[in-house]
Amino acid sequence: MLVTIPDVLKPEELAHIRRVLESTNWVDGRTTAGDQAAKVKHNLQVPVDAAEAQELGQIILRALGSNSTFMSAALPLRVLPPMFNRYDVGMTFGAHVDGSIRAVPGSGQRMRTDVSSTLFLTPPEDYDGGELVVHDTYGTHSVKLPAGHMVVYPATSMHSVTPVTRGSRWASFFWTQSLVKDDWRRHMLYDLDNSIISVRSRLPDDDPAVVALTAHYHNLIRHWSET
Ligand code: NI
């Protein structure tokens, strides 16, 4: 399931993030990639331990915490600190699947990556190419969103970033371990949640159908979630 979430960032948050990134230090993106991905990865990143990455990551985590669509689509157990990447002209990232396990910085813990997210930070009219291409069981999806919008997709998906041919594409990306690791179950829960929201717009909250569907949703999460 691929879900696009509009306006994750407020305009002033986006402007602040872009301003800080203007003057930050970028390094070769291969430092955080596994062996296979490193061979096809050609981009720049802000070092994970840079003060800017941590400050800007907090802004994004705070925005995610109040985003009901992200909560419903990802059912997050824990979210890794957001990272920041940049593709200048000629830069690209060939087909790969993100590593399944990542270290949680500073904690000595490791987590499973169930959901991948890309938060676009550059307006699409400012660059050519740089589409995120996600391959899933339903085919190939090419994603290029307005700045401040985000796409969420299963970390099990093969994906790539096409070469940038004009301008520079900046984004934040991060992984989530979900309470529900199976993408199909997450998909069904997301659809059910949206159906309940739709039903609640037409029926009172104490209508027996609303009460029963809501109970069903929560009991499915209880049944399927794992930590
Ligand atoms: Ni990737």
Side-chain angles (χ1 to χ4, degrees), residues 1-11 13-14 57-82 97-98 100 102 104 111-121 132-159 171-227:
M1 173 181 69
L2 189 147
V3 178
T4 59
I5 308 178
D7 300 316
V8 170
L9 296 176
K10 299 190 188 91
E13 291 169 329
L14 177 64
Q58 285 303 320
I59 295 172
I60 293 170
L61 290 177
R62 209 164 45 232
L64 292 177
S66 59
N67 191 296
S68 58
T69 309
F70 176 73
M71 289 294 159
S72 176
L75 296 168
L77 170 63
R78 50 178 77 94
V79 183
L80 268 173
V97 165
D98 295 336
S100 53
R102 295 195 78 95
V104 181
M111 58 169 261
R112 190 183 61 236
T113 56
D114 296 319
V115 177
S116 297
S117 300
T118 296
L119 172 59
F120 289 76
L121 298 174
L132 172 68
V133 180
V134 181
H135 308 263
D136 67 12
T137 45
Y138 304 108
T140 295
H141 310 272
S142 184
V143 186
K144 188 174 191 173
L145 299 175
H149 295 210
M150 185 167 88
V151 62
V152 169
Y153 58 99
T156 47
S157 318
M158 187 76 73
H159 58 280
S172 175
F173 64 103
F174 54 89
W175 293 277
T176 301
Q177 180 169 345
S178 178
L179 289 161
V180 176
K181 76 174 174 188
D182 181 71
D183 173 53
W184 178 238
R185 288 180 176 176
R186 278 199 311 276
H187 192 163
M188 286 193 283
L189 288 166
Y190 181 68
D191 285 349
L192 178 58
D193 189 28
N194 282 321
S195 300
I196 292 170
I197 290 168
S198 166
V199 168
R200 283 180 63 197
S201 72
R202 277 169 276 157
L203 293 175
D205 273 354
D206 61 355
D207 185 282
V210 172
V211 175
L213 279 171
T214 305
H216 187 56
Y217 174 75
H218 284 286
N219 286 334
L220 275 175
I221 291 186
R222 225 183 312 273
H223 190 60
W224 283 343
S225 66
E226 52 200 330
T227 61

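FYI, the numbering just counts along the sequence from 1.
- Contact annotation: the side chain of Arg186 approaches that of Asp114 to within less than 4.5 Å [non-hydrogen atoms, C-beta and beyond].
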Show, in sequence, the C-alpha distance, side-chain angles and deciding distance for His216 and Leu220, and conclude whether the side-chain contact (heavy atoms from CB on, under 4.5 Å) test is met.
CA-CA 6 Å; His216 187 56; Leu220 275 175; 3.8 Å; yes
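- Contact check for Phe70 versus Val8: no side-chain heavy atoms found under the 4.5 Å cut-off.
- No hydrogens or angles considered: a donor-acceptor pair under 3.5 Å links the side chains of Asp193 and Ser72.
- Asp7 places a side-chain heavy atom less than 4.5 Å from the side chain of His149.
- Trp224 has its side chain out of reach of Leu179: every pair of non-hydrogen atoms, C-beta onward, lies at least 4.5 Å apart.
- No side-chain donor-acceptor contact under 3.5 Å links Ser117 to the backbone of Phe173.
- Counting all heavy atoms, side chain and backbone alike, Thr214 lies closest to Val210 at OG1-O, 2.7 Å.
- Between Leu61 and Pro82 there is a side-chain heavy-atom pair separated by less than 4.5 Å.
- Residues Met150 and Leu145 have side chains not in contact (no heavy-atom distance under 4.5 Å, counting atoms from C-beta outward).
- Interatomic distance, CG of Leu189 versus OG of Ser178, reported as 9.0 Å (0.5 Å rounding).
- You'll find the side chain of Met71 stays beyond 4.5 Å of the side chain of Asn67, heavy atoms only.
- Counting only heavy atoms from C-beta outward, the side chains of His141 and Tyr153 never approach each other to under 4.5 Å.
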